[in-house]
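On a predicted model such as this, the values are computed, not experimentally measured, just so you know. Here is how names work: the chains are called A, B, and so on, in the same order as the sequence lines, proteins then strands, and each is numbered from 1.
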Amino acid sequence: MEASQTAVNGAASATASQLLVDRSHRETIGQQFVENPRMTCRNVDVYYGDKRAINNVTLDIGSNEVIAMIGPSGCGKSTFLRCLNRMNDYIDICRVEGEIRLDGQNIYSGEVDVVPLRAMIGMVFQKPNPFPKSIYDNIAYGPKIHGLVATKSETDEVVETSLKKAGLWEEVKDRLDQPGTGLSGGQQQRLCIARTIAVNPEVILMDEPCSALDPIATSVIEDLIDELREQYTIAIVTHSMQQASRVSQRTAYFHLGDLIEVGTTDQIFTRPGHQLTEDYITGRFG
Amino acid sequence: MSDSTINAPASLAAMPSKRTIDVVNAGLAKRYRAEKRFRIYGVTAIILSLCFLTLLFVDIISKGYTAFWQTKVRIDVHLDPEVLQGENLQTADYPGLVKKSIRNLFPDVQGRKDRRLLNGIVSSGAAFQIRDLVTANPDRIGSTVQLWVPADDDVDMLMKGHMPRDVPEDERRLNDKQLAWIDQLQREGRLQKTFNRILFTVGDSREPELAGIMGAVMGSVYTLLITLVLSFPIGVATAVYLEEFAPKNPWTDLVEVNINNLAAVPSIVFGLLGLAVFLNFFGLPRSAPLVGGLVLTLMTLPTIIIASRAALKAVPPSVREAALGIGASKTQMVTHHVLPLALPGMLTGTIIGMAQALGETAPLLMIGMVAFIVDIPGGFTDPSTVLPVQIYLWADSPERAFVEKTSAAIMVLLAFLMTMNALAVFLRKRFERRW
């Protein structure tokens, strides 16, 4: 409720100074492109069977930035996020059209193998999903299957640095052999983040990483995201507008499969350019 | 019931003055009654099934427990060196030795007919027992040995109280003379009931007192080994492929439908298939555990496949996503994460299938495992029978003494089954992972 309060304040000052784009306008407005992008998406359409879930999305994701994707439920933001590392491949009826490039390489082209792709683009899911194995094995699994570590000492080192980066080392260093599923929700989610960064990816996708967590665990993870930005590019889907405004530099607003507006987080929350964006951030729906 | 639930909101709307809590309270007693009724149904069902189970066990055990004891007669056998000469130790006249020892116990019995009756008190297995003793210790030839040999099954039945003494002589299998001899033996302490080792160490026999289930047990063990070794890997591999890798198209749908159909095919049809394919086409040996195992594999596979697929389906998608999300290939995802989690369920399905296979009779009749086989099978191609078929054969035998043997064999089969199930529970507990 505090959320809509701040959002309303921000929007109120914005509406006075600027004319909003009409609700019926479905072309993306704002700054879709950045200099030196890490990922570029061009005219991406996603279909579930005959139903089109994502409609002509064009968006750049810059290096070392946190881009937040917001929008009401069912707007396609999670679907779009999962396209970025081809997690939709295993849904039989799902079909992706258009172009998504990572460092210039089209990830949907025939030559690209999903295994190395997912090593480059890691993912953290909505519900913490550690493997039912020990904390150590949870972290070590990724580096092991990709052959990043050869010896026990190398593995130990990766486990330690990953847990340190995820801010979990101090809490679990004495019980690495205990099951990861025995940790608290927030710790589990940080374990999942540590598991993702153990593979040393370039981009980390986060699908509502804090939706199952309490405010304290959420704030720990948000601080973590801020630190991780120095090394990684992060795309995060969130339902919480405060979270988007706290952690991200750019924000993309999705509505019913359309990318409505992209801009710096500051601009989206203070001076939205589109009537739908304004409706959403002021709490009129969503 | 449904009427009242539908009417409740309507009456609520009609009478806005009535508070929800009053309506709820009014219906509460009825709700609790329904709940209580439902619980009573459940408890009744459980008690009823427990009663039947107890009845079954009491019946089998009361009929069969006596089979674990056997009446033995002590005889003094003189290992006559004249009868037991060097080379022909295997074929010497051992029955003659037995007859002589019995005659020595009752010197006053005369006449051919009476002597034959007298000889009938001791089982024909006594001769084999002496033969085995002599072949093992040839140095004892010439001495007199005291031996406990199995009594005839009629004597055994009398001793166990399965044969009434107070009926007219011609309705009894033992006449008054024989009863007198038996009483005399008992007075002299020459009759004793001991643990029936024969039952657990030898194969089938026409003589109830010499019949054992070891042949059938080994036959079952070999058959089930073949079944397990073939059906578990094939079943799991099929389930994994269909569930995790196969594309969803009409072909895989057809395969799936047919697997479900196969699970419902009567087992005797699999027996006919085995007869036509394994025996007649491939020329595999008749009555062999190998063929029995192959037939039971066909029968068990659908059960294992269906249970394994259910176990794979039950693995939460979050585990798959987690593995794929850090770049595991599909095979790595399945072998490292999905299979270990699905294994307990797969094992349960396998054990259910194996228990079915253990109790199966009909298909094995078709491939000749119903033959009368005395030897204990030593391998997968030796002719043999299995426990349920042995039960069927014994239940079909006219001798009174086979009644208790049948029940004893059923007890052994049940013990086998319970051991398998206990093993399954143990394995499941070991492989189960806590979330």
Side-chain angles (χ1 to χ4, degrees), chain A residues 81-82 84-93 113-134 137-148 162 178-182 188-189 191-201 204-207 212, chain B residues 236 239-257 308-348 427-435:
Chain A
L81 189 77
R82 295 167 67 94
L84 298 180
N85 71 344
R86 292 181 54 178
M87 281 303 276
N88 287 336
D89 280 17
Y90 296 111
I91 301 170
D92 285 321
I93 54 166
D113 190 350
V114 290
V115 169
L117 174 74
R118 296 214 185 98
M120 308 257 277
I121 308 177
M123 187 151 188
V124 176
F125 297 88
Q126 182 170 0
K127 197 173 149 258
N129 56 355
F131 298 127
K133 300 180 180 211
S134 71
D137 287 341
N138 260 285
I139 310 289
Y141 181 69
K144 267 183 192 158
I145 57 169
H146 293 301
L148 301 176
S162 306
Q178 284 176 23
T181 42
Q188 284 190 22
Q189 195 62 295
L191 179 65
C192 291
I193 294 174
R195 182 177 67 188
T196 306
I197 55 186
V199 187
N200 202 15
I204 300 175
L205 310 177
M206 295 187 176
D207 191 355
Chain B
V236 168
V240 167
Y241 177 75
L242 284 177
E243 202 55 50
E244 305 288 336
F245 295 100
K248 294 274 169 289
N249 59 31
W251 285 111
T252 47
D253 286 347
L254 191 74
V255 169
E256 194 175 335
V257 168
S308 299
R309 291 190 69 176
L312 286 169
K313 273 201 185 100
V315 174
S318 66
V319 172
R320 296 162 203 270
E321 282 188 337
L324 292 175
I326 55 171
S329 70
K330 209 155 177 191
T331 314
Q332 284 172 331
M333 172 193 88
V334 171
T335 52
H336 295 168
H337 301 287
V338 177
L339 265 185
L341 290 175
L343 203 59
M346 290 175 162
L347 282 176
T348 311
L427 285 176
R428 206 169 53 209
K429 282 273 179 294
R430 280 223 38 194
F431 288 116
E432 214 160 44
R433 294 197 199 195
R434 299 261 163 257
W435 281 92

Under the side chain to side chain contact (heavy atoms under 4.5 Å, CB included) test, residues paired with A:N200 that sit two or more places apart:
A:Y232

Does a side-chain N-to-carboxylate-O contact under 4.0 Å join B:K330 and B:E244?
no

Looking only at A:V199, A:D113, A:V115, the option with the highest number of non-hydrogen pairs under 4.5 Å against chain B is A:V115

Is A:L205 close to chain B through its backbone or its side chain, or both, or neither, when contacts mean heavy atoms under 4.5 Å?
neither

Output for pair (A:I197 CD1, A:C192 SG), nearest 0.5 Å, gives 11.5 Å

Top residue by heavy-atom pair count (under 4.5 Å) with chain A, among B:K248, B:Q332, B:E321?
B:E321

Quick one: side-chain hydrogen bond (donor to acceptor under 3.5 Å, both in side chains) partners of A:D89, sequence neighbours excluded?
A:R86

